Each structure stands twice: as structure tokens, then as C-alpha cells.
Amino acid sequence: MNTFPAVRLRRLRRTASLRALLDAPLPGPGRFLWPVFVTKGRGVREPIDAMPGQCRMSPDVLLRELEPVAVSGVGGILVFGLAGEREKDAKGAGAFNERGAVQQAVTQVKRAFPELTVFTDVCVCAYTRHGHCGPLDSGGGVDNDAALAVLAKTALSHAAAGADGVAPSAMMDGQVAAIRSALDGGGFTGTIIMSYSTKFASAMYGPFRDAEKSAPKAGDRKGYQASYANERLALRESQLDILEGADILMVKPALFYLDILAKLRAQTDLPIAAYNVSGEYSMLIATAKRGWGDLRSMVRESTSAIARAGADIIISYWANRYKELFT
Ligand code: PBG
Ligand code: ZN
């Protein structure tokens with residue numbers, strides 16, 4: 001009789017040693033990408049209020065902060081650029097400035113840490129005065145096709161700076177195809193596209209927008225980012241990116257969308273990244289600070305869930321504390 005009392009599942013988890021024999025391990029550091037915020041200048045290290053433990057850094061400080069992260073075995077970084085108000089314009093041309101903070105940081109990081117994989121975020125919301133992810137049309141909406149040209153130029157400038165891969169996050173239709181063709185045209189056939197393929201219009205990006213000073217001045221991003229209430233349309237976003245030539249897909253946010261991650265896992269053999277976003281990060285920090293939960297335990301449990309749901313790559317702000325939190 002294969003049931004209780006002959007069968008007792010507790011036997012298999014009775015001791016720590018038994019659990020270690022049977023449990024899936026936590027994802028190793030090599031599967032993590034650490035998102036970093038870079039700004040122009042030297043010696044800049046500005047703690048981000050809404051994301052304790054994360055800073056806005058100039059390239060020289062980034063190199064310093066990367067030292068222990070690289071030693072811990074973290075796979076790489078995802079670079080975000082910050083622009084001052086003066087560098088912003090209507091279409092986000094600052095994003096493809098070849099002397100921009102991102103471009104400089106990428107070149108310097110690849111020189112100092114050739115073993116780290118460097119991805120760059122490709123979007124313009126930190127470079128437009130209105131804070132949207134592309135130039136606006138006459139009706140005040142984002143002009144999809146005009147955005148493509150800016151995104152393609154931006155991706156090309158990141159590839160030229162030495163990025164291993166570019167990660168378009170604007171959620172414009174056709175952005176992967178436009179970027180692939182620009183990269184190939186420029187001779188960057190080896191540059192990876194990690195598409196933010198299923199990116200939701202989420203309330204969990206708040207701390208990031210504070211970090212990046214990239215919140216839209218008016219309106220929201222619901223006209224281009226996926227709706228959490230339309231699962232099929234959200235999954236089609238990833239399917240279309242596959243057809244456009246994405247090398248790696250992404251689900252973002254991660255923890256609120258583990259079902260989507262698992263479904264996408266079942267639909268494709270492409271690698272999938274999951275972005276454990278700023279709101280998910282700060283939420284655990286805030287809980288721990290108030291004494292309502294143990295940070296290390298919450299981080300391990302939630303990160304394990306992301307891996308279990310099917311993510312290959314985990315984009316996470318915990319990555320710079322890998323040793324402390326995961327070993
Ligand atoms: C910009 C971008 C955002 C994030 C990554 N790229 C914010 C947004 O879309 O408003 C969010 C990352 C995070 O919250 O950690 N396109
Ligand atoms: Zn954007």
C-alpha cells in the first residue's frame with residue numbers, strides 16, 4: 001500500500017545531510033548578472049535612496065566595486081546609464097553618444113575584467129526629457145518607428161564600445177530586428193541580443209526610476225509595456241522576438257511573473273533571463289529592516305523560485321552580495 005502509514009515523506013528530509021543529497025542547489029554565481037548604474041565623472045559613488053546597497057557610480061568607481069564581485073564568480077553585469085538634465089533631449093540622442101558614461105564604462109570594464117560578460121540596457125527613457133522610451137509623436141504617444149532608429153544607433157554604440165551583448169528594454173515593436181540588422185551591418189555579428197521580450201508595465205519599477213531619474217514626466221508606459229492582465233499577448237511578445245532573432249529572452253519582473261516564466265520555458269529552447277526588479281529587491285530589504293523577515297532566507301527562497309520556474313540567467317541586485325547571501 002503506497003500511502004501513509006507505510007509511506008512517510010518526512011523520512012526524506014529528516015536531516016540536513018539528506019536534504020543536501022536531494023535538494024536542487026542554489027544557482028551558482030555564474031548565472032547572475034548584476035545591474036549597475038553608471039554616470040559621468042570621477043569618484044562618484046552616490047547611494048540610491050530607494051535601493052539600499054546600490055549606488056550610482058562613475059566608471060572608475062564601478063571598476064573598484066567590481067573587483068570583489070568578479071572574484072565571487074558573478075557572471076557579468078547589465079549596464080544602465082544616467083544622464084543629467086542637460087544631456088536629455090526630445091529623442092534621447094544622449095543614449096548613443098560614443099563618449100557617454102555607458103560606452104566608457106563598458107570599454108573600461110572589458111579591459112579590466114575580460115572574463116565578465118557585459119550587457120547593456122538599450123533604451124532612451126533616461127535620456128529623454130519626457131522620460132518615455134522613445135521619441136513622442138504629435139499625439140503625445142511614443143513613435144514606435146522613430147524609436148527604432150534611436151535604439152539601433154544606441155545598440156551599435158554599445159557594441160562598438162565592446163559590449164558582449166545588448167538588452168533592448170523599450171518594448172517597441174520590431175526593435176530586435178532593427179537592432180540585429182544594425183549590428184550585422186556594422187560588423188558586430190557576434191554581439192548577443194538579450195531581449196526584454198516579455199516586459200510588463202509593472203508597479204515594481206519605482207525604486208529603479210528613482211535611481212535612474214527616468215520616470216515618465218506625464219502618463220505611463222502601459223501603451224508599450226505588456227499588460228499583466230493579458231497573458232497571451234505578453235507571451236506573443238517573446239514569440240515575436242524569437243522570430244526577429246533574439247538570442248536570449250527575458251521575463252520581467254521575475255517574482256510576480258513566475259507563471260509566465262514557467263510557461264515561456266515550456267514554449268522555447270532559447271535561453272531565458274529573469275529580471276528580479278528593483279521593487280522586488282527593495283521590498284525584501286524593507287521587510288528585513290523592520291524585523292519582519294530574515295534577509296538571507298528571503299533572498300535564497302525567492303531566488304531559488306526564479307531558478308525553479310525556469311530561468312537560466314538571473315538578473316539581480318543581490319549579485320554584488322553573492323558570497324554573503326548565497327554561500
Ligand atoms: C527602462 C527600464 C526599466 C527597468 C529596466 N529598464 C524601468 C521602466 O521600464 O520604467 C526596470 C528595472 C528595475 O525596476 O529594476 N526601460
Ligand atoms: Zn525605457
Side-chain angles (χ1 to χ4, degrees), residues 32-38 48-56 77-83 88 90-92 94-96 102 119-136 141-144 146-148 150-151 154-155 158 166-173 175-176 179 194-228 234 237 250-257 273-285 302 306 313-320:
F32 284 74
L33 291 176
W34 180 37
V36 296
F37 304 99
V38 300
I48 297 160
D49 213 34
M51 301 178 71
Q54 306 298 319
C55 296
R56 305 182 190 92
I77 57 173
L78 173 59
V79 183
F80 289 91
L82 270 142
K88 302 192 185 196
K91 72 167 189 176
F96 54 81
V102 171
F119 283 96
T120 56
D121 182 84
V122 175
C123 199
V124 294
C125 47
Y127 300 89
T128 52
R129 273 195 297 268
H130 46 73
H132 280 286
C133 303
L136 302 184
V142 174
D143 183 340
N144 189 89
L148 297 183
V150 185
L151 295 169
T154 302
H158 295 170
V166 294
S169 68
M171 289 298 284
M172 295 297 124
D173 286 321
Q175 64 182 12
V176 171
I179 288 171
M194 175 168 73
S195 166
Y196 285 70
S197 55
T198 294
K199 173 177 177 181
F200 289 95
S202 172
M204 301 308 281
Y205 305 151
F208 172 97
R209 290 178 189 172
D210 173 50
E212 274 277 286
K213 305 180 171 129
S214 64
K217 294 270 150 59
D220 54 38
R221 303 207 202 290
K222 290 182 181 162
Y224 39 105
Q225 298 179 346
S227 166
Y228 58 77
E237 288 285 354
M250 192 194 300
V251 174
K252 176 189 171 184
L255 292 175
F256 282 20
Y257 296 92
Y275 198 141
N276 191 194
V277 302
S278 59
E280 298 174 328
Y281 170 82
S282 299
M283 175 167 75
L284 295 195
I285 292 192
S302 56
I306 295 169
I313 297 171
I314 300 168
I315 302 170
S316 167
Y317 301 101
W318 305 122
N320 64 334

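Counting starts at 1 for both ligands and their atoms, following the listed order. Everything numeric here is computed off the predicted structure, so don't read it as measured data.
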- Ignoring hydrogens and angles, tell me if any N or O in the side chain of Q175 forms a donor-acceptor pair with the backbone of A147 under 3.5 Å. no
- ligand 1 contact by Q225, heavy-atom criterion under 4.0 angstrom: yes
- Considering only heavy atoms, which of M51, M171, E212, K252 lies nearest to atom 5 (C) of ligand 1? K252
- Nearest-option assignment for atom 15 (O) of ligand 1, heavy atoms, candidates F80, Y224, Y317: Y317
- Per the side-chain contact (heavy atoms from CB on, under 4.5 Å) rule, which among V79, I313, I314 passes with L33? I313
- Between S278 and ligand 1, which part of the residue brings a heavy atom under 4.0 Å of the ligand: side chain, backbone, both or neither? both
- Aromatic ring centroids of Y228 and F256 under 6.0 Å? no
- Item | Atoms of ligand 1, numbered as shown, that sit under 4.0 Å from any heavy atom of C123 | 16 (N)
- Atom indices of ligand 1, in the order listed, that fall short of 4.0 Å to a heavy atom of Y275: 12 (C), 15 (O)
- Query: Which protein non-hydrogen atom lies closest to atom 16 (N) of ligand 1, naming both residue and atom, and how far is it?
  - Reply: K199 NZ, 2.9 Å
- Query: Which heavy atom of the protein is the closest neighbour of atom 8 (C) of ligand 1, given with residue, atom name and distance?
  - Reply: R221 NE, 3.4 Å
- Item | Close side-chain approach of K252 and Y205, heavy atoms under 4.5 Å | yes
- Work out whether the distance between some heavy atom of C125 and some atom of ligand 1 is less than 4.0 Å. yes
